[in-house]
Amino acid sequence: MKEIIKHEVYQRVTTTLHKIGTPAHIKGHNYLRSAIVRVYADETYLGKMMSRLYPDIAKEYKTSVSCVERGIRNAVEVSWNRGDIEVLDMIFGNTISYTKSKPTNSEFIAMIADMLKTEDYQYIKD
């Protein structure tokens, strides 16, 4: 991915996470942002969360794979429990039930990456 485009995607992911209500001070916020940017650029990461995505992020942040997984899970849980319900509904719609449970890490990452790609498609199409 070209550096300018990557920077723009990085900014859009950060803005989306802030709109949702993901606290910027938790480590999982950074891990989650990196995961979404990577999935946006390469969807094959989704099928290889534990074997490829988490290890790549762990290497980037010089931490362990389990810390990355736990940090992302915590960020998703905090976002789901304390986040802006209207923004969450806009992104996740009817795909996840608010009353049943929070989305999995991969569902959360995939839905935000997909939303950003859909916005890009609409922009190109118009």
Asks: Out of curiosity, Lys27 NZ to Asn74 CG, how far, rounded to the nearest 0.5 Å?
Replies: 11.5 Å
Asks: Would you call Ile91 and Ile20 a side-chain contact if the rule is heavy atoms closer than 4.5 Å?
Replies: yes
Asks: Looking at Glu77 and Arg73, is any side-chain nitrogen of the basic one under 4.0 Å from a carboxylate oxygen of the acidic one?
Replies: no
Asks: Hey, are the side chains of Leu88 and Trp80 touching, using non-hydrogen atoms and a 4.5 Å cut-off?
Replies: yes
Asks: What is the distance from atom OG of Ser64 to atom CD of Glu69, rounded to the nearest 0.5 Å?
Replies: 10.0 Å
Asks: Is NZ or CZ of Lys117 both nearer than 6.0 Å to the six-membered ring centre of Tyr40 and within 45° of the ring axis?
Replies: yes
Asks: What donor-acceptor contacts under 3.5 angstrom involve side-chain atoms of residues 49-60, with partners at least two apart or in another chain?
Replies:
from  : atom 1 : to     : atom 2 : distance (Å)
Arg52 : NH1    : Thr44  : OG1    : 2.9
Arg52 : NH2    : Asp42  : OD2    : 2.8
Tyr54 : OH     : Asn105 : ND2    : 3.0
Asp56 : OD2    : Tyr45  : OH     : 2.8
Glu60 : OE1    : Arg38  : NH2    : 2.7

Asks: Could you verify whether a donor N or O on one side chain and an acceptor N or O on the other, from Tyr61 and Ser34, lie under 3.5 Å apart?
Replies: yes
Asks: Per the side-chain hydrogen bond (donor to acceptor under 3.5 Å, both in side chains) rule, which among Thr16, Thr22, Thr14 passes with Arg33?
Replies: Thr14
Asks: Quick one: do Val78 and Phe92 end up in the same hydrophobic cluster if we chain Ile, Leu, Val, Met, Phe, Trp and Tyr together by side-chain heavy atoms under 4.5 Å apart?
Replies: no
Asks: Closest approach of Ala113 and Val39, non-hydrogen atoms and distance?
Replies: CB-CG1, 3.8 Å
Asks: Please report the closest heavy-atom contact between His18 and Ala24, naming both atoms and the distance.
Replies: NE2-CB, 4.1 Å
Asks: Can you confirm whether Tyr31 sits close enough to Ile26 that some side-chain heavy atom of one is under 4.5 Å from a side-chain heavy atom of the other?
Replies: no
Asks: Evaluate the side-chain contact (heavy atoms from CB on, under 4.5 Å) criterion for residues Leu17 and Ile36: first the C-alpha distance (whole Å), next the side-chain angles of each, then the deciding distance (0.1 Å), finally the verdict.
Replies: CA-CA 10 Å; Leu17 291 176; Ile36 294 166; 4.2 Å; yes
Asks: Should Arg12 and Glu8 be marked as a side-chain contact (heavy atoms from CB on, under 4.5 Å) after you check the CA-CA gap, both sets of side-chain angles, and the distance that decides it?
Replies: CA-CA 6 Å; Arg12 290 174 56 212; Glu8 189 226 329; 3.0 Å; yes
Asks: Decide yes or no on side-chain contact (heavy atoms from CB on, under 4.5 Å) for Ser79 and Phe108, but give the supporting numbers first.
Replies: CA-CA 10 Å; Ser79 299; Phe108 196 89; 4.1 Å; yes
Asks: Quick one: CD1 on Ile85 to CE on Met90, what's the gap to the nearest 0.5 Å?
Replies: 14.0 Å
